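Quantities reported herein were computed from a predicted structural model and do not represent experimental measurements.
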Amino acid sequence: MDRNVVERYRLALFGRMAMGVAHDVDNHLSVVLGFSELIRLAAEKEQKVRDGAGKILSAGEKIGAIVQHFSRYVRPHTPSPEPFVPGEMIPEILLFSRYDLGRGNVTVLPPPEVPPGIVHADRRDFGLALLALLFNAAEAMSETGGDLSMRVSTDAAGWEFTVSDQGPGIPAGFEEKVFEVGFTTRTGPFHAGLGLPLARHLAGQAGGTLHLANGPGGGCVATIRVPMKARV
């Protein structure tokens with residue numbers, strides 16, 4: 001897949017998430033402004049000043065984290081494999097995507113735990129691959145809602161990242177067709193048939209694989225497997 005295709009998808013996806021980022025920033029900014037006014041009015045009450053200052057500090061740190069993580073992942077770049085900790089990367093991508101992923105009565109369930117350890121891959125591209133799977137799963141449930149869950153595990157072979165939805169699943173005979181660039185069963189300007197092909201491409205870039213299957217209780221299960229030491 002041409003790198004320009006990857007970067008166009010990245011900009012389109014992060015542009016879609018910009019409203020969610022603005023929503024979260026606005027929420028935290030209202031805390032900063034509100035408690036600043038409280039401190040101004042109650043400066044003579046020492047405990048209220050301390051409590052208000054703590055809330056302002058917390059809201060300011062959250063604003064900084066949202067903007068920092070969003071800016072890191074949205075920038076086009078040349079892929080550069082490096083060791084990173086999945087337990088740090090996953091909360092970052094969920095932080096600024098949860099608002100958009102949670103539309104249409106979709107409940108996002110983060111991994112209950114992430115094993116310690118590192119993955120050798122381009123951190124931003126791997127995060128983009130997971131985001132593509134998350135958004136594809138959320139869109140599959142856009143009409144019915146449901147739980148969208150992610151799990152992370154390790155074994156002797158390496159890492160396994162699983163995204164499970166409660167959508168209609170993959171129609172028989174379409175197991176590989178869904179990975180064709182431009183193929184989509186949905187309409188709308190964002191549905192360009194790039195998410196799954198791009199996720200498979202970026203998983204391969206990390207030395208791994210992407211496999212889709214229908215879940216035993218319905219829905220689709222997307223699994224990225226990456227060896228402990230990926231190709232570089």
Would you call [X] and [Y] a side-chain contact if the rule is heavy atoms closer than 4.5 Å?
X: Pro115; Y: Trp159; value: yes
X: Leu148; Y: Met141; value: yes
X: Val85; Y: Val119; value: no
X: Leu212; Y: Ile170; value: yes
X: Gln205; Y: Pro79; value: yes
X: Ile224; Y: Leu133; value: yes
X: Ser153; Y: Glu160; value: yes
X: Phe161; Y: Leu130; value: yes

Discussion item. Could you work out, with ring pair (Phe, Tyr, Trp, His ring centres under 6.0 Å) as the rule, every residue matching Phe96, not counting sequence neighbours?
Written reply: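 Per chain and number, Phe96 pairs via ring pair (Phe, Tyr, Trp, His ring centres under 6.0 Å) with Phe14, Phe70, Tyr73.
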Worksheet entry | Nearest atoms (heavy-atom pairs only) where Pro86 meets Pro91 |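 Heavy atoms of Pro86 and Pro91 come nearest at O-CD, 4.2 Å.
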Discussion item. Going by salt bridge (Lys or Arg N to Asp or Glu O under 4.0 Å), name the pairs with one or both residues in residues 115-137, residues two or more places apart or in two chains.
Written reply: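 Found Arg3-Asp125, Arg10-Asp125, Glu92-Arg123.
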Worksheet entry | Pair Glu7 + Arg75, salt bridge at N-O below 4.0 Å |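 Between Arg75 and Glu7 there is no salt bridge, as every charged N stays at least 4.0 Å from the carboxylate O atoms.
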Item to complete: Hey, could you give me the CG/CG distance between Asp100 and Leu13, rounded to the nearest 0.5 Å?
Response: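 Interatomic distance, Asp100 CG to Leu13 CG, rounded to 0.5 Å: 8.0 Å.
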Worksheet item: Nearest 0.5 Å, what's the CE-OG1 distance between Met150 and Thr162?
Response: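 Reported to 0.5 Å precision, the distance equals 9.5 Å.
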Worksheet item: Is a donor on one side and an acceptor on the other found under 3.5 Å between the side chain of Arg98 and the backbone of Leu95?
Response: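 The answer is yes, because a donor-acceptor pair under 3.5 Å joins these two groups.
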Item to complete: Could you tell me whether the side chain of Asp165 and the main chain of Cys220 form a donor-acceptor pair under 3.5 Å?
Response: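 Yes: the side chain of Asp165 pairs with the backbone of Cys220.
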Item to complete: Give a yes or no on this: more than 12 heavy atoms of other residues, nucleotides or ligands lie within 6.0 Å of atom CG of Asp147.
Response: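 More than 12 heavy atoms, drawn from other residues, nucleotides or ligands, come within 6.0 Å of this atom.
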Worksheet item: Applying the 4.5 Å side-chain criterion to the ILVMFWY set and letting contacts propagate, would Leu131 and Leu210 be lumped into a single cluster?
Response: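 Yes, Leu131 and Leu210 fall within the same hydrophobic cluster.
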Discussion item. Do Met89 and Ile118 land in one hydrophobic cluster if side-chain heavy atoms of ILVMFWY residues count as linked below 4.5 Å?
Written reply: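 Met89 does not cluster with Ile118.
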Discussion item. Set out, in order, the CA-CA distance, both residues' side-chain angles and the distance that settles salt bridge (Lys or Arg N to Asp or Glu O under 4.0 Å) for Glu139 and Arg103, then state yes or no.
Written reply: CA-CA 9 Å; Glu139 288 161 4; Arg103 296 175 187 269; over 6 Å; no
Worksheet entry | Of all pairs that satisfy ring pair (Phe, Tyr, Trp, His ring centres under 6.0 Å), the ones with a partner from residues 198-226, not counting sequence neighbours |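 Non-adjacent pairs meeting ring pair (Phe, Tyr, Trp, His ring centres under 6.0 Å): zero.
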